[in-house]
Amino acid sequence: MQVIPIILSGGAGTRLWPLSRKHFPKQFHKLTGGEHTLLQETALRVQHLASPIVVCNEDHRFMLAEQLHSIGIKPAAILLEPEAKNTAPAIALAAIKALQIDPQAIIAVFPADHVIRDQHAFQQALDIAAQAAATGNELITFGIVPTHPETGYGYIETTDGDGGLAPSPAQTTTVKHFTEKPDKDTAEQYLTSGKHLWNSGMFVFKAAAYLDALQHTAPAIVEHCQAAMRAARDDLDFIRVDAQAFDACPSDSIDYAVMEKADNVRVVPLDAGWSDIGGWRAVWEILEKDASHTASIGDVITINTHNSLVHNDNKNKLVVTIGLDDLVVVDTKNALLVAHKDQVQEVKKAVEEMANCEREEHLFHREVHRPWGSYDSVDNGQRYQVKRIRVKPGASLSLQMHHHRAEHWVVVSGTAVVQVGEKESLLTENQSVYIPIGETHRLTNPGKVALELIEVQSGSYLGEDDIVRFEDTFGRVG
C-alpha cells in the first residue's frame, strides 16, 4: 500500500502581489530566503514517499515541470485542470489517478505553497496520519497548534484538549466541528480553550475512502471527474483532463463538500512551524530578521529601518530604506509595493483595481517565462519594442509568423539557428538577422549553453497575440 503525495498547485496568491502574478504565482517563487521555491520545498518534503501526482493550471505546466526536474523529481503524473474548480474536484482527479497506480493507495494531499520549518515534526505527524488511514476508512486532516488568536484561518474543534493545552501531537483526535474564520474575541477564546486547531488544508486518506465519501456528499463531482479522467489524453509529460466533462463539474472545496459533512474525520495536531504564506506579513514572520526586526531579501541596504520587510526582486537595482517602521516594500522590474504591515491584506483590492483598469501588472512580470526560456521587455514605444530573449540549450521556438510587426534579432551570446522562410542560417555573437512582416520564422538554440539575443520589434501592433504558429514542439496553438 503506497502513500502517494498529491501536490495541488492551482493557487494564484494575489495577496503576494507584486511578486505573485496570475501567470507566475507564489508557489513558483523563492519566498523563504532559501534556494528553492515553495513548490520545490513541498516536493522535497515528501520525496521519500512515492512519486507525486501534481494537479496544476495548464498555463503553469512547463514552469512546474521544469522546477521539479531541476531538483531531480519526476512526478507520477501531472494533471492539467482545464479550469479551476476548487480543491474537492482537484483531489478527486488525483485520487482517481492514484487508484490506477495502486488500487489500495493512500494519498497525502498538500498545497504547493505552504511552508513547514520542522521536517522531523512533520514526518512524525505524517506517519501517524498514514497509519490511521491504513487501518480504516477515516479521513485524516492536519490541525495546526495555534500560536496566537489568528482571524485569517478556519478552526477545527476537537474533543480533546483541556485547560489551554492543545491535543497531543502523538495521536489522531476526533473532530467535533469545523468553524469559519472567527472574529478576534472568538479567536482568543479558541486559543485558550485548548480544543481548537487551525485548519491547514492538508489531508491523508485512502484514495477510495475519499471518493466514497465524496460520492455520498457530492456525487456530481465524482461523476464528472470520472468522466473527465476516462476521456483524458496524454500530452508530452502531462495528462490533459477532458475539458467538456470537467466543465460540468461543480466547484467546491474539500471542506464544504466532504470534511464538514462526513462522520469519519479525525485530525492530527501539527506543531512544525507551518504557514500558508497568506500575505506579506506572513512572509515577514517566517524570515530571519536583523537586530531591528527587519527582514530583507535581494540587494538591500536598510538604515534605521525597524519591524519591516524589504524584498527586492530586481537584480539590476539597489533598494535603500531609511527611517521606516512597520512597512512592507516589495520591488520588481515593473511594479513597486509600499504598504503598512497592518494593511497588506488590502493588496488584493489593488489587484482587483488593476483588473478593472485593464492593466497587465497583475498578470505578468516584465520578464515572462516560456517553455523554451524567457523574454524581458526592456523598452517600448508607440511603434517599437525591445526584448532580451533567453533560449535554453536545445530548445526551439515555434515556426511562426506575425501580421503586424517585423523583427530584428542580434545575438549577444551563444549560437542560434534561424529559419526565415525557406532559408536557414547559423548566427553567433554580434551577428544579426531581419524578419519581415508576414514571413515565417523559427529560432533554435543548438548549443549546450543558453542563447541570449536582443529582439527589436517594429510595426503597427506589438501585442503577444499577433502570432500564428505552424509547428510547435510544446503543443501550443494560435
Side-chain angles (χ1 to χ4, degrees), residues 11-41 63 67 113 115 275 277-355 357 359-369 374-380 385-390:
T14 55
R15 288 186 176 87
L16 286 172
W17 184 90
L19 197 64
S20 181
R21 315 275 178 109
K22 179 179 179 181
H23 294 288
F24 199 168
K26 69 175 182 177
Q27 61 266 33
F28 300 109
H29 290 278
K30 300 174 182 178
L31 279 167
T32 62
E35 61 177 315
H36 295 122
T37 67
L38 297 182
L39 167 71
Q40 291 173 326
E41 287 182 354
M63 188 159 35
Q67 287 200 1
D113 54 3
V115 168
S275 174
I277 314 294
W280 284 112
R281 187 182 185 93
V283 175
W284 173 78
E285 289 172 347
I286 66 169
L287 290 176
E288 292 185 6
K289 304 169 188 64
D290 61 19
S292 298
H293 302 288
T294 289
S296 60
I297 291 181
D299 195 2
V300 171
I301 294 175
T302 60
I303 299 173
N304 295 330
T305 297
H306 304 271
N307 308 305
S308 296
L309 169 65
V310 186
H311 192 300
N312 182 10
D313 192 52
N314 191 341
K315 297 178 181 179
N316 298 316
K317 183 191 294 184
L318 167 67
V319 171
V320 179
T321 63
I322 302 174
L324 303 188
D325 192 13
D326 278 330
L327 293 186
V328 169
V329 179
V330 184
D331 191 30
T332 68
K333 289 181 178 179
N334 67 342
L336 168 67
L337 169 69
V338 181
H340 195 279
K341 281 220 308 289
D342 292 340
Q343 297 290 317
V344 288
Q345 293 298 331
E346 300 300 312
V347 167
K348 191 171 184 180
K349 292 184 179 179
V351 171
E352 292 171 355
E353 182 65 20
M354 289 175 229
C357 296
R359 301 184 65 106
E360 292 191 345
E361 287 89 348
H362 67 296
L363 301 175
F364 300 100
H365 281 269
R366 202 184 78 177
E367 183 175 4
V368 177
H369 291 264
S374 62
Y375 68 82
D376 186 358
S377 299
V378 298
D379 192 18
N380 62 80
Q385 183 168 218
V386 181
K387 293 182 178 180
R388 182 168 58 245
I389 296 177
R390 185 179 187 275

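What you see below is based on every heavy atom in this structure, not just the backbone, and it leaves out hydrogens, waters and symmetry mates. Remember, predicted model here, so these are calculated numbers, not experimental data.
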Walk me through it: do D299 and K317 pass the test side chain to side chain contact (heavy atoms under 4.5 Å, CB included)? CA-CA 7 Å; D299 195 2; K317 183 191 294 184; over 6 Å; no
Can you check whether L31 reaches L19 side chain to side chain, under 4.5 Å on heavy atoms? yes
Treating [X] as the side-chain partner and [Y] as the backbone partner, does any N or O pair qualify as donor plus acceptor under 3.5 Å?
{"X": "W280", "Y": "Q345", "result": "no"}
{"X": "K341", "Y": "V328", "result": "no"}
{"X": "K289", "Y": "W284", "result": "yes"}
{"X": "Q40", "Y": "Q67", "result": "yes"}
{"X": "T37", "Y": "F28", "result": "no"}
{"X": "T305", "Y": "I303", "result": "yes"}
{"X": "T321", "Y": "L324", "result": "no"}

Thinking salt bridges, do E346 and K349 make one under a 4.0 Å N-O criterion?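 Between K349 and E346 there is a salt bridge, with a charged N closer than 4.0 Å to a carboxylate O.
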I'd like to know if K348 pairs up with E352 as an ion pair, taking the criterion as any Lys NZ or Arg NE/NH1/NH2 lying under 4.0 Å from an Asp or Glu carboxylate oxygen. no
Search all heavy atoms of T332 against all heavy atoms of R21 and return the closest pair with its distance. OG1-NH2, 3.1 Å
Going by side-chain contact (heavy atoms from CB on, under 4.5 Å), V330 matches just one of V310, V319, V338, L337. Which one?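 Going through V310, V319, V338, L337 one by one, the side-chain contact (heavy atoms from CB on, under 4.5 Å) with V330 is satisfied by L337 alone.
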For the OG atom of S377 and the NZ atom of K333, what is their distance to the nearest 0.5 Å? 10.0 Å
Could you tell me the separation between the CD atom of E367 and the CZ atom of R390, rounded to the nearest 0.5 Å?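 Nearest 0.5 Å value for the CD-CZ distance: 9.0 Å.
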Ring geometry between H365 and F24 (parallel below 30°, tilted from 30 to 60°, perpendicular above 60°): perpendicular
Can L309 and T294 be said to form a side chain to side chain contact (heavy atoms under 4.5 Å, CB included), step by step? CA-CA 6 Å; L309 169 65; T294 289; over 6 Å; no
